[in-house]
Amino acid sequence: MAIYLDHAATTYLLPEVIDHMVDIMKSQYGNPSSIHNIGRKAKSIIEKSRKSIAANLKASVGEIYFTSSATEANNMVIKRSIIDLGVTRIVSCHTEHHCVIHSIDRVVKEQGVTVTWLNVNEQGDIDLQELESILSSHTNEKTLVSLMYANNELGIIHPVEHIAEICKKHEAYFHCDAVQAIGKMPIDLSSTRISFMTASSHKFHGPKGVGFLYMNNDNILDSYIDGGAQERNIRAGTESVAGISGMALALEHYIKNRTSNFEILAELQSHFEAIILENIPSVIINGQKAKNRIPHISSISFPQSERADMIMFNLDINGICASSGSACSAGIEEDSHVLTAIKHPPQRKTIRFSFGPNNTKNEINEVIKILKTII
Ligand SMILES: Cc1ncc(COP(=O)(O)O)c(C=O)c1O
């Protein structure tokens with residue numbers, strides 16, 4: 001039996017979400033853009049999902065737009081805000097997800113936008129005074145601040161409410177990739193002034209291939225994908241009715257159980273980190289001393305050794321699913337861009353373990369036992 005500790009990569013579908021989606025796929029095959037009865041039924045499922053997601057985040061219904069992924073939503077915000085809002089400067093940091101960093105690189109290269117990368121310290125934290133001082137300079141430039149809620153490799157949390165206030169004070173747009181935080185952190189979009197927020201269904205036990213963009217009613221972007229008039233002309237393409245509805249149901253479940261899930265995850269994380277330090281004292285927990293951390297991610301660095309080099313392989317053959325913190329570039333293993341940004345010693349081997357509400361302490365104990373024999 002596999003022990004799945006890779007919930008930051010993706011999550012299993014909730015059984016009730018599967019049943020719900022199967023029902024919809026069987027009975028609601030209409031095209032939501034069709035004006036006949038069967039099409040209208042499909043459309044009403046989409047609108048019900050939009051209402052549910054908006055209510056769960058305290059947003060207005062008209063502020064939620066469905067996309068195929070958070071990758072698409074993040075591309076959309078960064079690329080369209082240049083054209084539609086006249087953004088000429090972006091402020092972000094090197095620990096963002098690649099879909100944000102690569103989108104920024106592209107607009108810098110192709111559209112002459114300037115970018116300022118905030119410094120991150122060794123825990124992954126940014127300095128809000130630096131953000132404030134950057135936003136205080138060149139005030140004539142329309143600026144988009146793009147900072148994620150919770151980091152997908154380290155689990156560290158950026159102080160989103162404080163960032164939102166700073167952006168408001170300096171009239172900058174605030175784009176927040178909330179993929180790892182949605183359903184886990186309390187999010188109230190009626191009180192936190194975020195211009196754009198993005199999410200991905202498969203990170204909270206919904207289906208893959210669906211995500212959404214929250215776009216504050218004051219900052220409407222134009223169409224990123226051209227075609228039909230779906231999503232109020234913002235995102236063309238026939239909607240995945242079952243996917244969208246499954247996502248809304250998964251979010252409803254996760255938010256309903258948010259407090260208890262949070263406690264379970266926090267307990268798993270602290271148990272895991274305490275016993276790994278007890279059994280393998282040479283490990284480093286990346287981001288452990290950050291100001292705030294999400295409870296489902298533990299990034300662990302092992303000291304260099306031949307055994308550590310084979311750790312992913314050995315975890316895999318022992319049935320343990322986790323993620324490597326390195327990427328293979330031209331045949332050479334290198335630290336991920338996030339680990340490089342926090343100046344992690346590259347000779348150490350990093351593994352991200354990420355927990356879900358169904359994991360147990362017994363599973364964690366088993367993983368540590370196996371890790372000890374591997375290392
Ligand atoms: C922080 C963050 N942003 C964006 C994404 C991309 O999400 P999607 O799989 O929906 O494209 C991920 C996925 O790992 C992520 O962790």
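Worth saying up front: this structure is predicted, and the values here are computed from it rather than measured. We count ligands from 1, going down the list as the structure has it; atoms in each ligand are counted the same way.
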Side chains of residues 285-296: which donor-acceptor pairs under 3.5 Å do they make with residues two or more places apart or in other chains?
residue : atom : partner : partner atom : Å
N286    : ND2  : S299    : OG           : 2.9
N286    : ND2  : S301    : OG           : 3.2
R293    : NH1  : E273    : OE2          : 2.9
R293    : NH2  : E273    : OE1          : 2.8
R293    : NH2  : E273    : OE2          : 3.3
H296    : NE2  : Q180    : OE1          : 3.0

Look at K168 together with E165 and state whether they make a salt bridge at an N to O cut-off of under 4.0 Å.
no
Indicate yes or no: does E267 engage K361 in a salt bridge with an N to O separation below 4.0 Å.
yes
With clusters built from Ile, Leu, Val, Met, Phe, Trp and Tyr whose side-chain heavy atoms come within less than 4.5 Å, directly or transitively, what are the remaining members of the cluster of F313, listed by chain and number?
M310, I317
Write none if no such pair exists; otherwise list each N/O atom of ligand 1 with its protein N/O partner under 3.5 Å and the distance.
residue  : atom   : partner : partner atom : Å
ligand 1 : 3 (N)  : D177    : OD1          : 3.4
ligand 1 : 3 (N)  : D177    : OD2          : 2.6
ligand 1 : 9 (O)  : H202    : NE2          : 2.9
ligand 1 : 10 (O) : A70     : N            : 2.9
ligand 1 : 10 (O) : S200    : OG           : 2.6
ligand 1 : 11 (O) : T71     : N            : 3.2
ligand 1 : 11 (O) : T71     : OG1          : 2.5
ligand 1 : 14 (O) : K203    : NZ           : 2.5
ligand 1 : 16 (O) : Q180    : NE2          : 2.9

Can you give me every donor-acceptor pair (side chain of residues 56-64, partner residue at least two apart or in another chain, under 3.5 Å) with its distance?
residue : atom : partner : partner atom : Å
N56     : ND2  : S52     : O            : 3.1
E63     : OE1  : S60     : N            : 2.9
E63     : OE2  : N217    : N            : 3.1

Assess R232 against Y65: is NZ or CZ under 6.0 Å from the centre of the six-membered ring, and within 45 degrees of the ring's axis?
yes
